[in-house]
Amino acid sequence: MPREFWWLWTSTLVNRLGGFVATFMALYLTLERGHSASYAGLVAALHGLGGVISSLVAGVLTDRLGRRPTMLIAQVSTALSVALLGFMTHPVAIAAVAFLVGASMNASRPAVQAMMADIVRPEDRVRAFSLNYWAINLGFAVSAMAAGFIAQYSYLAGFLGEAVMTLTCAILVFVKLPESRPERSAQEQGAEDAVSLGTVLRDRRFMGVVVLSFLAALVFQQGSVGLPVAMGRAGFSPADYGLVIAVNGVLIVALQIPVTRFIEHRDAGRLLTLSTLLAGYGFGLTAFAGSVGVFALTVCVWTLAEIINAPTQTSLVVRLSPVHGRGRYQGMYTLSWAVAAMVAPLMSGIVLDRWGAAWLWGACAVIGTVAAGGYWLLVRNLGEESRPTPAATGSVPLTPEPVVELTAPKPDGEQDALRKLV
C-alpha cells in the first residue's frame with residue numbers, strides 16, 4: 001500500500017479512538033437525561049437527517065473542491081459541534097445540535113472513500129477497504145470499553161474527548177495527506193460535468209445496490225440504537241453494554257484480515273447474500289438473550305456479517321463508479337447509511353415503546369432476509385461490465401481509470417477474479 005494510504009488509515013484510527021456520541025447517545029438521553037426511548041429515537045433520527053443532507057453535499061464537494069478540503073471542513077466542524085453538544089441541556093437544543101453533529105460527522109465519508117479509491121490500485125481495493133474497516137473497529141473496540149466506564153462518571157468528558165480526537169484527526173490530514181483527486185484534461189472535465197446527481201439516480205444497477213445497502217444498514221444500526229436501550233430496560237448498565245458492543249470491535253480486529261484473504265476473490269453476490277442473512281438472524285437471536293454472555297454471543301453472529309459485508313460492498317460501489325464522479329457516487333452510497341441512521345432510531349424507539357424488544361429483533365430477521373433475496377436477484381442480473389454505460393445513465397461516456405493507478409497489466413486469472421467480485 002502507498003504511504004498516503006497508511007496516513008489516511010492512521011487518521012481513521014485516531015478518529016475512531018474518540019468515538020462516543022454514536023455509541024452512547026441513546027444511553028445518555030434515556031439514563032442520564034431521563035428522556036423516553038421515543039425522544040432518544042427522535043434525536044438519533046435528526047442526527048441521521050443531518051447525515052442525509054451532508055452525504056449529497058459532501059459528495060459534490062469531494063468532486064469539485066477536492067478530497068482533502070472536504071475532509072478538513074467536515075472534521076473541524078465535527079469537533080466543534082460534538083463539544084457543544086456536551087453542554088446542551090434543553091431538549092430542543094440537544095436535538096438541534098445533534099442534527100449539526102450528524103451533518104458534519106457524515107460529511108467526511110465520501111471524501112475518505114474517494115481518496116482511498118484514488119491512491120490504491122484497483123486490484124488492492126478490497127484489501128484496502130478491509131484494512132480501513134479494521135482501523136475503524138480497532139478504534140471502536142478500545143473506545144467502547146473506555147467510554148463505557150467514562151460514561152458512569154461523566155458523559156461530558158466523553159463528548160470533549162471525542163472532540164479532541166476528531167481535531168487531532170483533522171491535523172493529521174492537514175499535515176500528512178496531499179490532495180488525491182485525479183488531474184483532469186479538458187475532455188475529462190467535460191466528462192465530470194456530465195456526471196450529476198441525476199446521472200447517479202438514473203444508474204439503475206447502482207441505485208439497486210444503494211437500496212439494498214439501506215436495508216442492511218437498517219439492521220446493523222440496531223447495534224448502536226436498539227441494543228443499548230433494550231439492555232438498559234432489561235437492567236444492564238452502560239458498562240455492560242460497553243463490554244458487549246466491544247466484542248464487535250475486538251472480533252473485527254481479530255478476524256477482518258484473515259477473513260478478507262478468504263473472501264477477496266469470491267463471488268460478491270453470494271457474499272452479500274450470506275452477510276445480510278447473518279446480520280438479520282444475528283440480531284433476531286437477541287430476543288433470546290438474558291445475560292451479558294448471551295448478548296455477546298449474538299454480537300458474534302452479526303459481527304461476522306459485518307466483516308464480510310463491509311469490504312465487499314464498498315469495493316463493489318467503487319467498481320460501479322466513474323473516476324471523475326466518485327464523490328457523487330460515494331455520496332449516494334453514504335446516503336443509504338445516513339437514511340438508515342435516521343430511520344433505525346425511529347423504528348427501534350416506536351417498536352420498543354409499543355411492542356417490546358422481541359418484535360424489534362424479529363423485524364431485523366425479516367429485513368435481513370428481504371435484503372439477502374434482493375442481493376441474490378440483483379447480482380444475478382449484473383453483467384460483466386461493472387460501470388455505468390451511456391444507455392444505463394443517459395449521459396455521455398464516462399472516463400476510464402487513470403493509467404497511473406495500474407502499474408502492470410493484470411494476468412488473465414486476476415481479471416477473472418475481479419469480474420467475479422463484481
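Shown here is W359, whose CH2 atom has no more than 12 heavy atoms of other residues, nucleotides or ligands within 6.0 Å. Atom OH of Y39 is surrounded by more than 12 heavy atoms from other residues, nucleotides or ligands within 6.0 Å.
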Verdict with supporting geometry, R109 and W337, side-chain contact (heavy atoms from CB on, under 4.5 Å): CA-CA 11 Å; R109 288 184 63 183; W337 283 84; 3.6 Å; yes

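Side-chain contact check for L8 versus M71: some heavy-atom pair is nearer than 4.5 Å.
For the side-chain hydrogen bond (donor to acceptor under 3.5 Å, both in side chains) condition, no pair includes a residue of residues 284-298, sequence neighbours left out.
Under 3.5 Å, the side chains of Q113 and Y329 contain no donor-acceptor pair of N or O atoms. Side chain to side chain, S104 and S77 fail the donor-acceptor criterion of an N or O pair below 3.5 Å. A donor atom on one side chain and an acceptor atom on the other are not found under 3.5 Å apart for T166 and T78.
Each of T276, L271, T312, L274 was evaluated against Y375; a single residue qualifies, T276, per the side chain to side chain contact (heavy atoms under 4.5 Å, CB included) test.
Relative ring orientation between F283 and W361 is described as parallel, the plane-to-plane angle staying below 30° on a 0-90° scale split at 30° and 60°. Ring planes of W134 and W9: parallel class, angle under 30° (limits at 30 and 60°).
No donor-acceptor pair closer than 3.5 Å links the side chain of Q256 to the backbone N or O of S130.
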